[in-house]
Amino acid sequence: MNLLHLHEQPAVYLVVAAFLLAVGIYGLIRRRTLIGMLIAGEIIFSAASLNIMAVNRFMAPDPTVGQIFVLFIMALAAAEVSIALSIIIAVYRNYRSIESAGLSELKG
Amino acid sequence: MNPSLEQLTEQFTGLVGANGPAGTPIVAGLAEAGPGSATAATPVGAAVAAPAAATGALAPAAPPPLSPVQTVNHALKGYDFDATVAPDQVAAAAGILDASGFSLDTVTGVDWIAQDQMEVVYDYFHPTAPLRAVVRTRIPRANPELPTILHVFPGANWHERETHDFFGIRFLGHPNLKPFLLPEDADFHPLRKDYQP
Amino acid sequence: MNAFPFSDYIVVGIFGLAVGTTLAGALIATLSTRIIRGVCGLMISCVGLAGLYYFLNSPFLALMEILIYVGAVCVTIVFGVMLSEPDEPPEIGKRHHAILWGGGAMLVCAAVFATAAHLGVRGNWPVSPVRVNDGSVKAIGTSLLTTYSMAFELISLVLLVAIVGALVVARFGRTKE
Amino acid sequence: MIAQKDSISPGSSLRAGGPAGPEADQHCPNETFVLNLGPQHPAAHGVLRVLMTMDGEWIKRAEPVIGYIHRMHEKMGENRTWAKFLPNTSRIDYLSAMHYTHAFVGAVERAAKIEVPPRAEYIRVITSELNRISSHMVWWGALLLDLGGFTPILYAFDDREKILDLLEGLCGARLTYCYYRFGGLYNDVDDTFLNGTREFVQHMQPRLKMYRDLVTDNIILRKRLTAIGGISAELCRKYGATGPVIRGSGVAYDVRRAEPYSVYSRFEFKIPVYPESDSMARYLVRMDEMEQSLRIIGQALDQLPEGPVMGKVPRVLKLPPGDTCYAVEAARGRFMVRIVSDGKEVPYRVKLRTPSFSNLSLYEEASKGMILPDALAMMGSLDLVIPDIDR
Amino acid sequence: MSFLTLEPIRLLLYLVGVCAFVGANAAYLVLAERKGAGRIQRRPGPNEAGYAGLLQPVADGIKLLAKQIMVPPGTDALLFRAAPLMVMAPSLMCLAVIPFGANLVARDLNIGLLLVFSFGSINVMALMLGGWASRNKFAIISSARVVSQNVAYEIPMLLVVITMLMVTGTMNLNEIIHQQAGWFWNWNVFKVWVNPLMPVTFVIFFICMLAETNRAPFDMAEAESELVAGAFTEYGGMGFGVFFMAEYANIVVGCCLATILFLGGWQSPFGALSGVLGPLWFLLKMYALIFTVIWIRWTFPRTQFYSLLNLSWKILIPLSLFTLVLTGVMIKII
Amino acid sequence: MSLSTAIRDVAGGFKSLLVGMRITLGQAIKPSITVQYPHQTLKMPARFRGHVKLVLDPETGKSRCTACGLCVKACPSDCIELDGIKREGEKKKSVTEYELDFTKCSLCGSCVDVCPSDAIEYSKDYNVVSLNREDFSHMDLVKRLEAEAEIWRKHHPPQAAAVATTPVTAPAALATGAKTPSPGQKAP
């Protein structure tokens, strides 16, 4: 593997994406506030996008498909954030807390 | 809507009684140094400025009786109506004036140290009629307390606080008699005549 | 294509910068106790990711990443932080619980990372010999409005639903007063 | 980097409002915070402090805290002779010093029965109205500053400078005139002043039109002031608000008409009244008042009689015992001086009833539920002068 | 191949050039603003430092540099320090794709327009973080305002830009300018045969540009009579100075964009002389717009925050949507 | 609100903005009206009230003040201190010390009003500056008068100047005295 052509190696992108995924999962587990979990979720989204883009760039026959799919993910992420935040704010208004542990009473 | 002086005189006479506020310790020295009507009784011929809205009937020319409720020549005194009431009647007096559409001008005090009294003066003006009314009361200097008129005129809030600041007069029922114009930790009352800085 | 002597090194350096930014941002985003810094980490990570997209021959997506993530998502999250509790609450419960949980999470993540990275590096990914087009903005636009018009419509629908839903939910919280 | 474990994080101050009392249960979170506006804040003209309890940008309660430049003028009055107190009066409301001096001089003249020559009265009216215009110009510029328009105050000061030059040429001072004396005036007017005032009246008409085009008709200003900051006539009455505030609420109360002093009864002028009782109404009242003041000045200049400007005043001024009031229409409303004399050379009590004090006292009531920019615009439309409140 | 044609060297030169351009502009636009305000208010403005006050920016800069940068206790010091940089960097980025002349562009990107907007959006984030990190109530209210305002005005602005994309069919800024060659009626703002409402579109763009750059009469973020200095309340010295410079850099970018999209960029109004004199025409148009911005600031009072949002949601967005649809229809018909 | 009124409102509002911009542009092309203070100065009007100063009597070249103390009594802020002695052969006292506490003075002019011999008047100095507080809290008016008297002496025939120093013969000298410029017109 030539170090000077690192940016043309699909494996590099895949490893970075894997790292992002792992970090995102860690955050999702360890974060105890909803917003923190939301951020971790965004990282996981990023990992997926990067993975798709890498595959799209190096292996796919039609490089537009991956881009369109990533666009789709971005739109989803934006939608998700707006919805999630409005829920968080509503929850906060009602419970004065956005700790995920405190929300168990929602189930009842 | 606009009240006449006769109406006011009548209402206030009903309030304080014909012979003066019951139980108000008006000391005899009033005519000499107090807000006596001696000057108001002089003829209007020596008018100072242009004749004011002279709706006021002239005070009687003879040496005036110390009537608690009287009309005054505006051109001489700057107000038309002068009533002396008992300390516990100030709110009722304010109620009468409020019903007649008066507006609170100011509340202030005068420290009559020689007579060991404090005078609290309520000035009223009328927004639509050319009328000015003054309501005064006297309270003992040792225990300067009288009821607030806050519930009649909410604007009295600041005036009463200021009067409390300057004279130490306590307005019973006032919710917030903290130092107002004076520093927050002020425990002195500068307009008392015995105040030493 | 370039006669400049060190151009390769520069390119690799910039690439390393992008990778580093992405990873560091992601770490900040998940590890910092302050949510606001977490958002900043997300932002940094997204900027780095935009750089990676650029290297992946897609400047369009790179710019969209910045426009959407930094300009919209992060701003929305910061706004949400302002309107609600800002920080991670201190750990409740016993210390060894936290260590246990942290260790467990770390293990899981390490496993995930190892598997995915192994697959990425060792996986025998077939490379398609033919390329239909160059993946330019023009090609994306054409495909979006022809072959993938469904996706396009879905994006707009999702966004519309999101707007309406966010309004409804946030309003509901407000009327509770 | 992760070291910040302090209990208060940035921004938590936004919600660090009142203590969560029993009524603030979890379903009705108390999301207020206290904003300390002033004593040094650009919108607090001078050293006024307003403690605002806010819910977001909405004001739940705005409590003015005053007294930062309290100087106890009333006690000063008890420590010096009547004449020595005269310079103090122009320092209470430095922007309309003439009116304040007028009230004190008038009260003493009324009590001592000093006759003022008619020429002096006319000149008092002219200078008072000039002073009113200059005061309104400062208000106009300052209100626009509050609203973020920077240029009008300089245009207003350009015109105000002309007034100040006139008055400086007349009595030597630009702000704290001390021009009226018991029984008359400090000195007579000269032709420079009379011609200058005539020129000024001519000059102001197109300028007022310019003000109207530039600011009054401006859509942004209209949006900022119309239907905002309502103060009802009843509220004005209960709080004793006077001047343009009550006239902007549809009540034609003007001391110049209600208790005509000096020679105001000899002039024709309208009392501008707007019934809308919003900030714009107060704005328009003041703009119209400038025109009316110009009208009065014009009439007074035409009718100005010849004669002395100083009446007969005893060398040692001793007022008869008793109390006397004298009220004038200052630029901000009714200013009343109540003097109590015990027959000595020194006042027994001087009470200064200032308009801004009463006008501000209704602020707490009127600003409930407004948003911050509107509340500040309303404060601007009240035309506060802080020394006038604190005295 | 000369040394100068080497891409990295060229880019480095442009980097220096852009930085110098922004720096000079930020410094001297402050002076121009103060001079302009002086003219409008009939006073000379700063005129003591140097000839006619020309050294005033230097004096100001030295003063700001000499000041200690205070970080208030209890704030997030890192974010507090990072915010000014975050606000400055994107405006520099944006200038990289602005074509000042036919060949005078640092990076002639195919999607230059998108780049300007994507980096322009970082601005909001930076202001918000600065306000948040200051731990000051005025600053937090201000940053909340910044976000609402920017969200409200980004929509009509992008709608207008989409209209222009439909008219021009490209996101390459230089190409947009090329399309407006010829006499001045070929400029987009006068192309009423494409869209009768083109001047209105330009006005919408200009208004949105004012709002996006937080300029008077839309300077709710730093409404000094309400919020002291808004998000910058706690900043002093060069921290404040950088925010201040970034504000002017943003105005420059905004006016550049308006010039390119509507006023024909470096094209001369007479159909000739736009080759060598191109940059001159460009700067002329840009500074004319900047002068208008200054002129507006010193004429009007500040708008009220909620009517500001109303203006966007109730007037500008419907209007820009209408022009968008109208343009689409017109393009289809022609 | 119907659409037509909405459009009319918007158009009217826009027009009002344009009118405002026209006005400011119109003002911008007019010359500036400010006075560049250190470079240009204004002439103070004749009645300008600056700090008080002792008047130099153009006939004697001395102060007219008789140290009667009326101004001290009239001053509301107690900022005048003066002292005088009765010299040999003079009917009245003459001032030896006149200190004004300018930090307290409110320029009300009561002292000038009450002065029976017109010995004090307002100076036209408005830019009295000092780095030293003492210069204002103890403003020595006699010293300032001396500076004026110095100029006065220069403009007078030597015998008059000589006479001025010997006050006993002053009336005789003044009878022959030349015309005097009025030093009051020249602020130092």
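First the proteins, then the strands, lettered A, B, ... as listed; each starts at 1. For the numbers below, each heavy atom of this structure counts, side chains included, while hydrogens, waters and symmetry mates do not.
For a residue to count as touching a neighbouring chain, one of its non-hydrogen atoms must lie under 4.5 Å from one of that chain's; by this rule I219(D) does not touch chain E. Of the atoms belonging to I153(D), not a single heavy atom falls under 4.5 Å from chain E.
Under the 4.5 Å side-chain criterion, counting only non-hydrogen atoms from C-beta, L154(D) is in contact with R43(E).
Here F138(E) contributes atom CZ and L372(D) contributes atom CG; the two are 7.5 Å apart, rounded to the nearest 0.5 Å. For the atom pair CG (L144(D)) and CZ (F300(E)), the distance works out to 12.5 Å, reported to the nearest 0.5 Å. Separation of atoms CG (D158(D)) and CD (Q41(E)) is listed at 11.5 Å; rounding is to 0.5 Å.
Counting heavy-atom pairs closer than 4.5 Å to chain E, the top residue among D146(D), L221(D), L35(D), L147(D) is L147(D).
Of all the heavy atoms in R224(D) and R302(E), the pair that sits closest is CD-O, 3.1 Å.
Under the 3.5 Å distance criterion, the side-chain polar atoms of T151(D) are matched with a main-chain donor or acceptor of W298(E). No donor-acceptor pair closer than 3.5 Å links the side chain of K223(D) to the backbone N or O of T303(E).
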Begin with the C-alpha distance, continue with both residues' side-chain angles, and end with the deciding distance and a verdict on side-chain contact (heavy atoms from CB on, under 4.5 Å) for Y155(D) and I40(E). CA-CA 10 Å; Y155(D) 293 169; I40(E) 285 175; 3.7 Å; yes
